[in-house]
Protein chains: 2
Amino acid sequence: MPSIPAPQPQAESLRSELHGRGQRLTPQRQRVLALFERIGEGSHLSAEEVHQRLLRAEERVSLATVYRTLRLLSSMELLRELELPEGGRRFELATGGDHRDHHHLVCVRCGHTEEFESQAVISAGEQAAGRHGFRLLECVLNVRALCPSCAAAEVS
Amino acid sequence: MPSIPAPQPQAESLRSELHGRGQRLTPQRQRVLALFERIGEGSHLSAEEVHQRLLRAEERVSLATVYRTLRLLSSMELLRELELPEGGRRFELATGGDHRDHHHLVCVRCGHTEEFESQAVISAGEQAAGRHGFRLLECVLNVRALCPSCAAAEVS
DNA sequence: CTATGTGCAAACTATTTGCAATTAG
DNA sequence: CTAATTGCAAATAGTTTGCACATAG
């Protein structure tokens, strides 16, 4: 029956945020954001992966527009850009609150990553920022490591 | 008088480390490593910057060789590759000991960076690694922030 | 309608690689 | 000598941009 797809729950707030900047809500922008909402908060995607997944979902968005949209949504704080050591830029859904601690355990051999949180790290970041007179925005700890199976494989 | 330049103090150990792998000590490799020793531990350089500085010092090394050498010296743990958020790969001199904590306060506006150390961060990294069964290699905290002058400029 | 956004292809930047000439050992 | 290394130029990967056409509002 519903031949007109129901507007996404978040579409309206996105629309008004865009309008505030004199910008438009396009299907492409909705598709990119919807993709990140579909896969949930913990998952990191590169521009290329976003493009591929949208193609697979029959949602055609050009790669150039994917890049433009990722930058736009990040500047709106709807996405967050990660800085993982290996591999290019990746993005994930930015959750509401001040979820600014955001740490990764990365296996340098197979690339497997685990996320974790740590209040101790935030405090250390805040102290360091304070000591130098900086205003903290976000802090990210990357732990380069070997995952259990890769550690086992490293006979050496 | 000294028409034959004296061999660098570290040249011999570098030579033997290379020989162990069936590799050679070339002037290019010495020049790149000597540059990092000249500028000291705290300074980060990109491949392009290494190339430029060597040119300025009349020490011609092709950019391709700079890339190859940075990779080689990093694999020998004489250099360490950083993962700073903005800008490409950068390298710095790797100091002897297990100097594996290595943190940056980066101004996201002007790019100015300060380094700091923190035992608390190391502990947090070790705990997280232990919890997931990973073997920790190195941990790097990046604090994205605004430096005092950029924070002041952000009138908003 | 018209300013904003999109798709495409070309442009760029950063990095890697093939290969002939050079050189450390 | 000869295998390793270099320099050059061409190749590649990731990202950005100019421009004509499409479209949200």
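Here is the naming used below: chain letters follow the sequence lines, and residue numbers restart at 1 for every chain. Atoms considered below: every heavy atom in the structure, side chains included; atoms not considered: hydrogens, waters and symmetry mates.
Taking atom CZ of residue Arg68(A) and atom P of nucleotide dT4(C), one finds them 15 Å apart after rounding to whole Å. In this structure, Arg89(B) atom CZ and dT13(C) atom P are separated by 18 Å, rounded to whole Å. In this structure, CZ of Phe91(A) is placed 12 Å from C1' of dG14(D), rounded to the nearest angstrom.
Heavy-atom distances under 4.0 Å link DNA chain D to Arg60(B), Val61(B), Ser62(B) of residues 48-63 of chain B, given in residue order.
Between Glu138(A) and Arg80(A) there is a salt bridge, with a side-chain nitrogen of the basic residue lying less than 4.0 Å from a carboxylate oxygen of the acidic one. The residues Glu17(A) and Arg29(A) are annotated as not salt-bridged, no charged nitrogen and carboxylate oxygen being separated by less than 4.0 angstrom.
Between the side chain of Arg24(A) and the base of dA3(C), a donor-acceptor pair under 3.5 Å is found. Side chain Arg15(A) to base dG25(D): no donor-acceptor pair is found below 3.5 Å.
Contact annotation for Arg29(A): backbone-only contact, meaning every heavy-atom pair under 4.0 Å involves sugar-phosphate atoms and none involves a base.
The side chain of Gln28(B) places an N or O atom within less than 4.0 Å of a non-bridging phosphate oxygen (OP1 or OP2) of dG7(D).
Ring geometry, His104(A) versus His44(A): the interplanar angle exceeds 60°, so the pair is classed perpendicular (tilted spans 30 to 60°).
Comparing Thr26(B) and Ala64(B) against DNA chain C, the residue whose closest nucleotide sits nearer the 5' end is Ala64(B). Residues Pro27(B) and Arg71(B) each lie close to DNA chain C; by heavy-atom proximity, the contact nearer the 5' end of the strand is made by Arg71(B).
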